[in-house]
Amino acid sequence: MTAAASEPLIGVINAGSSSLKFSFYEGERRILAGQVDGLGVRPSASATGPEGGAIAPPDLGAAPPATPSEVLPAVLPWARERLGARRLAALGHRVVHGGSHHSRPARVTPELLAELEALVPLAPLHEPHNLAPIRTAAALDPELPQIACFDTAFHRTAPEVEQAFALPYVLYEEGVRRYGFHGLSYEYIASVLPAQAPEIADGRVVVLHLGNGCSACALKARTSIATTMGFTALDGLPMGTRCGALDAGVVLHLIQQKGMSAEALVDLLYRRSGMLGLSGVSADFRELLASGEPRARFAIEVFCYRTAGQIASLAAALGGLDAIVFTAGVGENAASVRSAISQACSWLGLELDEAANRQHLTRISTPQSRVAAYVIKTVENLMIARHARALVGS
């Protein structure tokens, strides 16, 4: 038996509104992974084995699942069949909102679930889908430990002046404050900086998590001190379908002058804004970059402009800037987006190496650049597995 084989087996569940991603880890090694997309419409499953090659995915059955929680009764037996006689040590879950009290992952209990249920109004499009699979797994295997890993937890180190809105203080005490999200992604990047970029690991670094959801985080000595998302995952950078930072007066105008309901506003701000709303073409950055439509180009320009502005704001919070790190789907793969953002930050001392950028190298700034730029792949599920393993004991 290898050393890795003696380590606990950890399952990871990352549930969205219409998809569920799953991974199974033996130590740091991912041995099974897959996802089910198109839930509620036309679900399809895919999976990979220990070497990353495609394998037969879970059988979704004659009545396809419509929600992420309905996928688990197919996924867990499928995984156990491939894991052999060894039992899962724990199941880790990404939970978007942990509120103001959780600065680290927590073992799931009925009391914790009730507490998290109360946070659903703060993340109505995410939290219910995160919690439902936990309940399903508990019903399927009551003895299996489950660990909730919060996307907000990493940002609890931010100072109070960063967390506070200029509203009556009683609202701050009631929990109306800036929480920040994508924390598991930022925590993973912080964990690998010493190995992948040792010269800037303990410096002043802005990490850009750019995907369908987008945010940025200011790290000082690998600790979060500021981030662009706030009370909800709407704030900060424009995203695939979310608006990003918005004057609250616009919302008042839409209510008072347009007669929009709360439901209509949720649909507008979460599902019909961002890149989709600006471009009228797509929420997908790949489609926008390939499009010849002027509004598609305009949407990308707005995105890069706003991102550069947020980098400057985070540099102010850091008291200077040593490096920028691009991560997530767009950050890791869209060289032209990285180039536009970097050029807009040239005044900060960032000099991009265009050839390195086109080749998607780890370091994409020139040797003489005062502010370094890196591309580092994020692996949120591995971060969840690490937390779950630590809580159940290795």
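Residue numbers start at 1 and run along the sequence shown.
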Contacts table for residues 134-143: side-chain donor-acceptor under 3.5 angstrom, sequence neighbours left out:
| from | atom 1 | to | atom 2 | distance (Å) |
| --- | --- | --- | --- | --- |
| Arg135 | NH2 | Glu117 | OE1 | 2.4 |
| Thr136 | OG1 | Ala132 | O | 3.2 |
| Asp141 | OD1 | Arg87 | NH2 | 3.1 |
| Asp141 | OD1 | Glu143 | N | 3.3 |
| Asp141 | OD1 | Leu144 | N | 3.4 |
| Asp141 | OD2 | Arg80 | NH2 | 2.8 |
| Asp141 | OD2 | Arg87 | NH1 | 3.4 |
| Asp141 | OD2 | Arg87 | NH2 | 2.9 |

(message) Between Ser279 and Phe298, is there a side-chain heavy-atom distance shorter than 4.5 Å?
(response) no
(message) Starting from Leu348, can I reach Leu318 by hopping between I/L/V/M/F/W/Y residues whose side chains sit under 4.5 Å apart?
(response) yes
(message) Working to the nearest 0.5 angstrom, can you tell me the gap between Leu314 CG and Thr227 OG1?
(response) 7.0 Å
(request) Kindly compute the distance separating CG (Leu72) from OG1 (Thr67), expressed to the nearest 0.5 Å. (result) 9.0 Å
(request) Take Ser346 and Glu351 through the test side chain to side chain donor-acceptor pair (under 3.5 Å) and record every step on the way to the result. (result) CA-CA 6 Å; Ser346 61; Glu351 184 177 319; over 6 Å; no
(request) State, yes or no, whether a side-chain contact exists between Arg94 and Asp151 at a heavy-atom distance under 4.5 Å. (result) yes
(request) Report yes or no: does Ser339 contribute a side-chain atom to a donor-acceptor pair with the main-chain N or O of Ala335 at less than 3.5 Å? (result) no
(message) Show, in sequence, the C-alpha distance, side-chain angles and deciding distance for Leu9 and Phe24, and conclude whether the side-chain contact (heavy atoms from CB on, under 4.5 Å) test is met.
(response) CA-CA 7 Å; Leu9 296 177; Phe24 295 86; over 6 Å; no
(message) With rounding to the nearest 0.5 angstrom, report the OG1 to OH distance, Thr362 to Tyr374.
(response) 9.0 Å
(request) Show your reasoning for whether side-chain contact (heavy atoms from CB on, under 4.5 Å) applies to Asn381 and Tyr25. (result) CA-CA 9 Å; Asn381 280 6; Tyr25 287 87; 3.7 Å; yes
(message) For His155, run the ring-ring contact (aromatic ring centres under 6.0 Å, His included) check against Phe150, Tyr186, Phe181 and tell me which one passes.
(response) Tyr186
(message) Distance alone, cut at 3.5 Å: any donor-acceptor contact between the side chains of His102 and Glu115?
(response) yes
(request) Step through the shown structure and confirm whether more than 12 heavy atoms of other residues, nucleotides or ligands are within 6.0 Å of CD on Glu51. (result) no
(request) Give the C-alpha distance, both sets of side-chain angles, the deciding distance and a yes or no for side-chain contact (heavy atoms from CB on, under 4.5 Å) between Ile376 and Val207. (result) CA-CA 10 Å; Ile376 300 177; Val207 183; over 6 Å; no
(request) Output yes when a side-chain donor or acceptor of Asn130 lies under 3.5 Å from a complementary backbone atom of Ala15, and no otherwise. (result) yes
(message) Less than 4.5 Å apart, side chain to side chain, heavy atoms only: is that true for Thr241 and Met275?
(response) no
For residues 40-48, please give each side-chain donor-acceptor pair under 3.5 Å, one per line with the distance, not counting sequence neighbours.
none

(message) Which label fits Phe22 and Trp78: parallel for a plane angle under 30°, tilted from 30 to 60°, or perpendicular past 60°?
(response) perpendicular
(request) Looking only at non-hydrogen atoms, find the nearest pair between Ala216 and Leu237 and report the distance. (result) N-CD1, 4.3 Å
(request) To the nearest 0.5 angstrom, please state how far the CG atom of Leu219 sits from the CZ atom of Arg204. (result) 13.0 Å
(request) Give the minimum heavy-atom separation between Asn333 and His360, together with the two atoms involved. (result) O-CE1, 3.2 Å
(request) Please name the pair of heavy atoms, one in Thr152 and one in Gly180, separated by the smallest distance, quoted to 0.1 Å. (result) CG2-O, 3.2 Å
(request) Kindly work out whether a path of hydrophobic side-chain contacts (I/L/V/M/F/W/Y, heavy atoms less than 4.5 Å apart) joins Leu131 to Ile13. (result) no
(request) Identify the two heavy atoms, one from Leu289 and one from Ser336, that lie closest to each other, and give their separation to 0.1 Å. (result) CD2-OG, 3.5 Å
(request) Keeping the roles fixed (side chain from Arg242, backbone from Ala233), state whether a donor-acceptor pair exists under 3.5 Å. (result) yes
(request) Report, as yes or no, whether the 6.0 Å neighbourhood of atom CZ on Arg306 holds more than 12 heavy atoms from other residues, nucleotides or ligands. (result) no
(request) Determine, stepwise, if the pair Leu208 / Val330 fulfils side-chain contact (heavy atoms from CB on, under 4.5 Å). (result) CA-CA 10 Å; Leu208 301 172; Val330 176; over 6 Å; no
(message) Hydrophobic cluster membership, with links at side-chain heavy-atom distances under 4.5 Å among I/L/V/M/F/W/Y: are Ile364 and Val337 in one?
(response) yes
(request) Could you tell me whether Arg386 and Glu187 have a side-chain N and a carboxylate O separated by less than 4.0 Å? (result) no
(message) Between Arg389 and Glu28, does any side-chain N to carboxylate O distance fall below 4.0 Å?
(response) yes
(message) Within the structure provided, determine whether Leu193 and Val325 are in side-chain contact (heavy-atom separation under 4.5 Å).
(response) yes
(request) Locate the shortest heavy-atom distance separating Leu20 from Pro68; write the atom from each residue and the value. (result) CD1-O, 3.4 Å
(message) Donor-acceptor check, side chain of Gln163 to backbone of Ala158, threshold 3.5 angstrom: yes or no?
(response) yes
(message) Between Phe303 and Leu210, is there a side-chain heavy-atom distance shorter than 4.5 Å?
(response) yes
(message) Closer than 3.5 angstrom, by distance alone: can the side chain of Gln257 be matched with the main-chain N or O of His253 as a donor-acceptor pair?
(response) no
(message) Treating Arg86 as the side-chain partner and Pro8 as the backbone partner, does any N or O pair qualify as donor plus acceptor under 3.5 Å?
(response) no
(request) Report yes or no: does Gln310 contribute a side-chain atom to a donor-acceptor pair with the main-chain N or O of Ser215 at less than 3.5 Å? (result) no
(request) Output the distance between atom OG (Ser185) and atom NE2 (His209), rounded to the nearest 0.5 Å. (result) 4.5 Å
(request) Determine, using the 4.5 Å side-chain heavy-atom cutoff (strictly less than), whether Ile255 and Leu234 are members of one ILVMFWY cluster. (result) yes
(message) Restricting to non-hydrogen atoms, name the atom on Tyr188 and the atom on Thr378 that form the minimum distance, rounded to 0.1 Å.
(response) CD2-CA, 3.8 Å
(message) So, using side-chain hydrogen bond (donor to acceptor under 3.5 Å, both in side chains) as the criterion, who are the partners of His126 when residues are at least two apart?
(response) none
(request) Treat each ILVMFWY residue as a node, draw an edge where side-chain heavy atoms are under 4.5 Å apart, and state whether Phe165 and Tyr172 are in one component. (result) no
(request) May I ask you to test the Gln196-Lys377 pair for a side-chain heavy-atom distance under 4.5 Å? (result) no
(request) For residues Ser100 and Arg177, determine if any side-chain heavy atom of one lies less than 4.5 Å from a side-chain heavy atom of the other. (result) yes
(message) Take a 6.0 Å sphere around CD of Glu160 and say whether it holds more than 12 heavy atoms from other residues, nucleotides or ligands.
(response) no
(message) Nearest 0.5 angstrom please: Arg363 CZ to Ile200 CD1, how far?
(response) 9.0 Å
(request) Would you check if Leu116 and Glu127 make a side-chain contact, meaning some heavy-atom pair closer than 4.5 Å? (result) yes
